[in-house]
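Residue numbers start from 1 in every chain, and the chains themselves are labelled A, B, ... in the order their sequence lines are given, proteins ahead of strands. This one's a predicted model, so the numbers in the text were calculated from it and none came from an experiment.
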Amino acid sequence: MTEKNPLADPRLAAFEEKISNDQRIEPKDWMPDAFRKNVLRQMSQHAHSEVIGMQPEGNWITRAPTLYRKIVLLAKIQDEGGHGLYLYSAAETLGTSREEMVQALHDGKAKYASIFNYPSLTWADIGMIGWLVDGAAIVNQVSLQRTSYGPYSRAMIRICKEESFHQRQGYEATMVLARGSAEQKAMAQDSLNRWWWPSMMMFGPHDSESAHSGQSMKWKLKRESNDVLRQRFVDQTVPQAEFIGLKIPDPDLKWNEERGSYDFGEIDWDEFMQVISGNGPCNRQRLQHSIRAQEDGQWVRDAMHAYELKRQAREVA
Amino acid sequence: MNQHSLPLFEVFIRSKRGLDHRHVGSLHAEDPAQALDYARDVYLRRSEGVSVWVVRSSDITASQESDMASFCDPMDDKPYRHATHFKLPKEVDNM
Amino acid sequence: MDSQKKALLNYCIALGDDSLTLGHRLSEWCRNGPFLEEDLALTNVSLDFIGRARMLYSYAAEVEDQGRGEDDIAYLRDCREYRNFLINELPNGDFAFTMARQLMIDAFDVGFYKGLTQSADEMLAAIAAKAIKESRYHLRRSEDWIKRLGDGTDESHERTQKAFDQLWGYAAEMFEMASDEQQLVDAGIAVDRSALKAEWSSTMHSVLKEATLDIPAQDWAIGGGREGIHTEHLGYLLAELQYLQRTYPGQQW
């Protein structure tokens, strides 16, 4: 059998043309299966990250040091849940239900950002997650506002609008510690030491190593490469650290006049692979928590449904 | 396991008086009343609106892209529906 | 400090304690809700209660005028100095227990804060004006949930009935006046809580009936919160709440 020329399919040609004209692909449009799969994978992974990401921060809700910090943290975690919800909804336009996506997560078939497999051990970690983790996420999300799948792009625009307070509150909370007592400053520095490299890993493997990057860039699902985004994060974060007198734990970090950017050291890719493959400090805990919440809620969801059926029956009667 | 999934609702918000309701996203709920309550928690956390509509996603009838040619193209040849079609002297052109 | 001022201070702190302990319990649901939409909704309710506690503590600090702030009041008092009703501090239990408690408290709060909007104390009246709007919405939500759970499946019915059975005796103290409260009622500042019971009972009866649930027997009552006699659970709640302030005293956060 001869290989069919893909461009012979007029639907594919129309799809490619939309992409090259920077038009958004909408749910009812025809799209190649591989595109559908890729965008679903990216969105569900993003949604799972938001929801799993509620855990390390949630770990400090009941222990926040002041009532003000407590409500800010609660509101922020609630936003993350909301963002997960926007993203699940956007992904559902592709015909996969939220239940199916969550099931895939619990079966270990879907991933989430590996940063959330690190533990939040001290209060300083809450500030650090806001400053670094949300900071890195925003760099990525701002870029994704122009992603080619319409519902994803719109969810990103909405999320970026809300996310701006997250990083600012994190930096501000870190600043208070960095300018506080010696103990507090040490707490902040220790936290930066633990979160810096995992934050750098959030952008994924080098462009040359990234499995999905090439195709995603071609389809404009991803608009900028992992390495470009990582560099942007470093360049914006280093001065922020200097301003509050914290030291980024990278001996190779230095300003490169010629490039107008910071040079930085190599990520420990072995650790990255370990965490990604399920063996980070909290992988098991995070998944078990998510499964337990899902299971504990089953009788509630069943009750709602039973009630609704009774109500409908009463209406008919 | 009995995996009933909650129905999907589309949410529309009027951000201020005088504007149209705009689609902002969707959510799951058992019935319209509950969907309306959750729309408050999900889409109005920052007082983004003065009015909310929810509608079951399954109640929406959508056009198909493949039909859009026959659906819309016949409208293309009616330039007289657009204000710019009518050339007026510049003295009265801000009509 | 004259005795009325002292009573007002105690009053604000007690109301703040009710709000904080319940808001704290509800905040434990964040990331544990039965589905994402409800997770967000519960968190909003929690935020309302913690916000209310902040207003009440700040006002208490102002009345006291000894340089304390809202966080000193929340974080630096021990179990015996807390004045909340016991029902607020009980652990969340399952979702049915949480919503049954919520119905009992929301139905009380709607009557209570409606009364407090008429307070001769302007600040309390202003706080109440905000709180009553929140509580009306909370009550709508908890009524709705109790109907869904009570009249849902056999399992949800059983869990919800059990929750009310276990909670019922904690309601009594909501309608018993504390020793220094009457003088505030006489001054037109506080609400006569003993007068709220009839309306509360009628709300509970109609909601539980519609939810196909039985009103539990009225044969036990546990109280003491307004006198600082608590369940053993409060100590653990405070241990978590106050952990950082106690471990690193006197710092800014």
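- Using a 4.5 Å cut-off between heavy atoms, C:Ala239 does not touch chain A at all.
- Using a 4.5 Å cut-off between heavy atoms, A:Val51 contacts chain C through its side chain alone, with no backbone atom that close.
- Contacts between A:Arg311 and chain C at a heavy-atom distance below 4.5 Å are absent for every atom of the residue.
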Note to self: For A:Val300 and C:Trp145: C-alpha separation, side-chain torsions, deciding distance, then whether side chain to side chain contact (heavy atoms under 4.5 Å, CB included) applies.
What the structure shows: CA-CA 10 Å; A:Val300 179; C:Trp145 264 120; 3.7 Å; yes
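- For C:Tyr75, the part sitting under 4.5 Å from any heavy atom of chain A is the side chain, from C-beta outward, and nothing else.
- Contacts between C:Gln245 and chain A at a heavy-atom distance below 4.5 Å involve the side chain alone, from C-beta outward.
- In this structure the side chain of A:Asp302 never reaches within 4.5 angstrom of the side chain of C:Glu155, judged on heavy atoms.
- For a residue to count as touching a neighbouring chain, one of its non-hydrogen atoms must lie under 4.5 Å from one of that chain's; by this rule C:Asp151 touches chain A with backbone and side chain alike.
- Heavy atoms closer than 4.5 Å to chain C are found in the side chain of A:Glu183, but not in its backbone.
- For A:Arg98, the part sitting under 4.5 Å from any heavy atom of chain C is the side chain, from C-beta outward, and nothing else.
- Taking every heavy atom of both residues into account, A:Leu67 and C:Ala74 meet most closely at CD1-CB, 3.9 Å.
- Across C:Leu237, C:Leu40, C:Asp94, the residue that shares the most heavy-atom pairs under 4.5 angstrom with chain A is C:Leu40.
- If you measure heavy-atom distances from C:Arg25 to chain A, you find no contacts under 4.5 Å at all.
- Both the backbone and the side chain of C:Asn44 have a heavy atom closer than 4.5 Å to some heavy atom of chain A.
- Of the two parts of C:Leu42, neither the backbone nor the side chain holds a non-hydrogen atom closer than 4.5 Å to a non-hydrogen atom of chain A.
- At a 4.5 Å heavy-atom cutoff, C:Glu38 makes no contact with chain A through either its backbone or its side chain.
- For A:Met187, the part lying under 4.5 angstrom from a heavy atom of chain C is the side chain only.
- Listed here is the closest heavy atom pair of A:Leu74 and C:Cys30: CD2-CB, 4.0 Å.
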Note to self: For a side chain to side chain contact (heavy atoms under 4.5 Å, CB included) check, start with the C-alpha distance between C:Tyr248 and A:Gln184, then their side-chain angles and the critical distance, and finish with the verdict.
What the structure shows: CA-CA 9 Å; C:Tyr248 304 93; A:Gln184 286 175 311; 5.8 Å; no
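- Scanning both residues, C:Gln251 and A:Ser181, for their nearest heavy atoms gives OE1-OG, 2.6 Å.
- Counting heavy atoms from C-beta outward, A:His305 and C:Thr153 have side chains that stay 4.5 Å or more apart.
- Heavy atoms closer than 4.5 Å to chain C are found in the side chain of A:Tyr88, but not in its backbone.
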